[in-house]
Amino acid sequence: MTVTAVLEDTLRRHLYAAVEAVTPSPSGLSRIRAGIARAHKPRTCPRREGNDMPDNKPLTVEVQPIALGIGDVLLTDPDHPGQDVNWLITAVGREGGVVIAEYVTDDGKEGRHGFEDPRVWLTVVPRLTDAPTPSADPVETAETSEEAA
């Protein structure tokens, strides 16, 4: 056995011993679930007539590509900063160090954009409470499809 394997085995035995000494509380699971529910609420913005703020301008936020959420609407073309767009984000994933966002345009066309610079700031309208929540299925990338094979 290598030194690493011995250390792993020792750590595993100590952790098992510590776990065996724990006696769960009858209400413990409900407290854990309540904490998870509070911690994972989706980003929301207030609902108003037409989803607009009082001055008829939508609530916008600046986010970096990795913080894009399903249901967010990207307002500026990342490759052409002066060009306005209205891309509804449908999926977000990674291919290596590139953040990939899939989107649908106003006219129903689907697209995909790779953000190579993770530090760039994007202007978005965050998803509303009744927008779809992120799916458990990640965007299939070259890395994930190779891992599955």
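None of the values given here were measured: they were computed from a predicted structure.
- How far NE2 of His14 is from CG of Asp9: 9.5 Å, rounded to the nearest 0.5 Å.
- When each of Ile100, Val99, Asp79 is paired with His113, the side chain to side chain contact (heavy atoms under 4.5 Å, CB included) condition holds for Asp79 and for no other.
- Taking OG1 of Thr10 as the reference point, atom CD of Glu8 lies at 10.0 Å (rounded to 0.5 Å).
- At a threshold of 4.5 Å between non-hydrogen side-chain atoms, the residues Gln64 and Trp121 count as touching.
- By the criterion of side-chain heavy atoms lying less than 4.5 angstrom apart, applied directly or through intervening Ile, Leu, Val, Met, Phe, Trp or Tyr residues, Val104 is not grouped with Leu122; the two fall into different hydrophobic clusters.
- Of the inter-residue distances, the one linking Tyr103 atom OH with Arg112 atom CZ reads 11.0 Å to the nearest 0.5 angstrom.
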Donor-acceptor contacts under 3.5 Å from residues 81-89 side chains, at least two apart:
{"residue": "Asn86", "atom": "ND2", "partner": "Asp106", "partner atom": "OD1", "Å": "2.8"}
{"residue": "Asn86", "atom": "ND2", "partner": "Asp106", "partner atom": "OD2", "Å": "3.3"}

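- Checking side-chain atoms of Glu116 against main-chain N and O of Val98 turns up no donor-acceptor pair under 3.5 Å.
- The minimum heavy-atom distance between Phe115 and Leu68, with the atom names listed, is CE1-CD1, 3.9 Å.
- Nearest heavy atoms, Val120 versus Pro65: O-CD, 3.3 Å.
- More than 12 heavy atoms of other residues, nucleotides or ligands lie within 6.0 Å of CD in Glu62, so this atom counts as buried by the packing criterion.
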